[in-house]
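Each remark here refers to the structure printed beneath this line.
In listed order, ligands and their atoms are each counted from 1. No hydrogens, no waters, no symmetry mates; every other heavy atom, side chains included, goes into these values.
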Amino acid sequence: MKNKFNLIATAAAGLEAVVGRELRDLGYECQVENGRVRFSGDISTIIESNLWLRAADRIKIIVGQFPARTFEELFQGVFGLDWENYLPLGCKFPISKAKCVKSKLHNEPSVQAISKKAVVKKLQKHFHRPEGVPLQETGAEFKIEVSILKDVATVMIDTTGSSLFKRGYRVEKGGAPIKENMAAAILLLSNWYPDKPLIDPTCGSGTFCIEAAMMARKIAPGLKRDFAFEDWNWVDKNLVKQARQKAEGAIDKELELDILGSDIDARLIEIANKNALAAGVAEDIQFKQMRLQDLKTEKTNGVILSNPPYGERLLDDDAIAKLYKEMGQTFSSLKTWSIFVLTSDEQFEARFGRLADKKRKLYNGTLKVDLYQFFGQRVKRSN
Ligand code: SAH
């Protein structure tokens, strides 16, 4: 079986550089591309990146890349890859995804079917199985993906399983939760550090606050979930166990945090509390029911993160305009605070009453959104 892998971490558009930074912080060299970051390593790298990356979607192994202008080229290309080094006899190996972009081959179901045939044929040959008899697929699952971009096929195996945004702590969610990896990425893009107060005044199910507390305490985001690679026979269970133990040991239990999440909806505050408890950070966060219009604080140099309702999802346009205006008025006295607001409303700045210092285009699922960034005035703390 393999010991060196070419890998990619996939990420939502706009967040690739954040994932690149996380990988470098973990000690890996990487190249940031559109929608993904390339890196390489061994089994430990696969384990560590799945366990620790906060902003990525998935980690995939690149099995190979080759030109595929015709179905024959696709078949031969897939057949030519060293599947015997990944797929043990008896495993499930669905071609779970095929994507064709700007390529001669564009019929995705056919790409899936041909690729499947090519892998089957390769395994039959390698394991000396008769060609007419289908292979049993009852064991661990290896999801194969084929992506053809400008006539070049990239064939990958997903190592992650359900997407990395699923940390395993979300017991319940509100109407429009932000994905955990998006919340983490925004925190990494913000200028928040664990010694600063943090407020999410529209906290919903508590995602920003929980991700902030986990980040501050160095709780690995994947500690409470499992991954597809854990079922694979060639992944040493001890290595996985050691990585989890190391992650347990890395948790900073001493830190004092000042994190407040509030929301107008009491039901969501209950959910946020449950989620924080499941994530192991309930003691780090104060959740309370409150209108954002009632937010007051004497503290300085803090950070506000907010993912308020957007027209498309929760409120009508007049109500949004009013809410954003009141938000602007409420936050205007917090001169030393930095404010980060994620919304799809292109009139946000006009309604809020202030031009952002910086704007960053992101996608919340398929919805185009902007992260409006307002930096607080720097003052020396009095205490
Ligand atoms: N980021 C959150 C979702 C936020 S959705 C999560 O991950 O779950 C927007 C939230 O704003 C909703 O929970 C809604 O109840 C809240 N909200 C709407 N108007 C509000 C107001 N005036 N004050 C405080 N919260 C408000």
Taking atom 11 (O) of ligand 1 as the point of reference, which of N364, I178, T202 owns the nearest heavy atom? T202

Considering only heavy atoms of P177, which atoms of ligand 1 have at least one such atom less than 4.0 Å away? 6 (C), 7 (O), 8 (O)

For R291 and ligand 1, does the shortest N/O to N/O distance drop below 3.5 Å? no

Which bit of D200 is near ligand 1, meaning a heavy atom under 4.0 Å away: side chain, backbone, both or neither? neither

Which pairs, with at least one residue in residues 189-218 and sequence neighbours excluded, count as a ring pair (Phe, Tyr, Trp, His ring centres under 6.0 Å)? none

Donor-acceptor side-chain pairing of Q112 and E108 below 3.5 angstrom: no

Return a yes/no value for S262: is any of its N or O atoms, backbone included, closer than 3.5 angstrom to an N or O of ligand 1? no

Exercise: do S49 and Y28 side chains pair donor with acceptor under 3.5 Å: no

Are S147 and T154 linked by a side-chain donor-acceptor pair shorter than 3.5 Å? no

Which one holds for Q293 and ligand 1: side chain close, backbone close, both close, or neither close, with close meaning a heavy atom under 4.0 Å? side chain

Who gets closest to atom 7 (O) of ligand 1 by heavy atom: L268, I271, T207? T207

P201 heavy atoms, cut-off 4.0 Å: which ligand 1 atoms fall inside? 24 (C), 25 (N)

If the contact criterion is a heavy-atom separation under 4.0 Å, does M290 count as touching ligand 1? yes

Among the clusters formed by ILVMFWY side chains lying less than 4.5 Å apart, do V146 and L149 turn up in the same one? no

Residue pairs passing the salt bridge (charged side-chain N to carboxylate O under 4.0 Å, His left out) test where at least one lies in residues 132-161, sequence neighbours excluded: R58-D158, K60-E145, K104-D151, K116-E137, E141-K143

Taking heavy atoms and a distance under 4.0 Å, where does L292 meet ligand 1: side chain, backbone, both or neither? both

Any atoms of ligand 1 less than 4.0 Å from a non-hydrogen atom of P309? List them with their elements. 9 (C), 11 (O), 18 (C)

Could you say whether the N/O atoms of I264 and ligand 1 ever approach to under 3.5 Å? yes

Lys/Arg-Asp/Glu bridge criterion (N-O < 4.0 Å) met for K288, D294: no

Please find the pair of heavy atoms, one from N238 and one from D236, that lie closest to each other, and give the distance. N-OD1, 2.8 Å

Under 4.0 Å, heavy-atom basis, I'd like to know which part of A183 is in contact with ligand 1: side chain, backbone, both or neither. neither

Cluster check V152, V111: I/L/V/M/F/W/Y, side chain < 4.5 angstrom: no

Ligand 1 atoms nearer than 4.0 angstrom to some heavy atom of S205 are 6 (C), 7 (O), 8 (O)

Show which atoms of ligand 1 fall inside a sub-4.0 Å distance from at least one heavy-atom site of N307. 1 (N), 2 (C), 3 (C), 4 (C), 5 (S), 9 (C)

Any N or O of D263 closer than 3.5 Å to N or O of ligand 1: yes

Heavy-atom pair of closest approach, residues L342 and V369: CD1-CG2, 3.7 Å

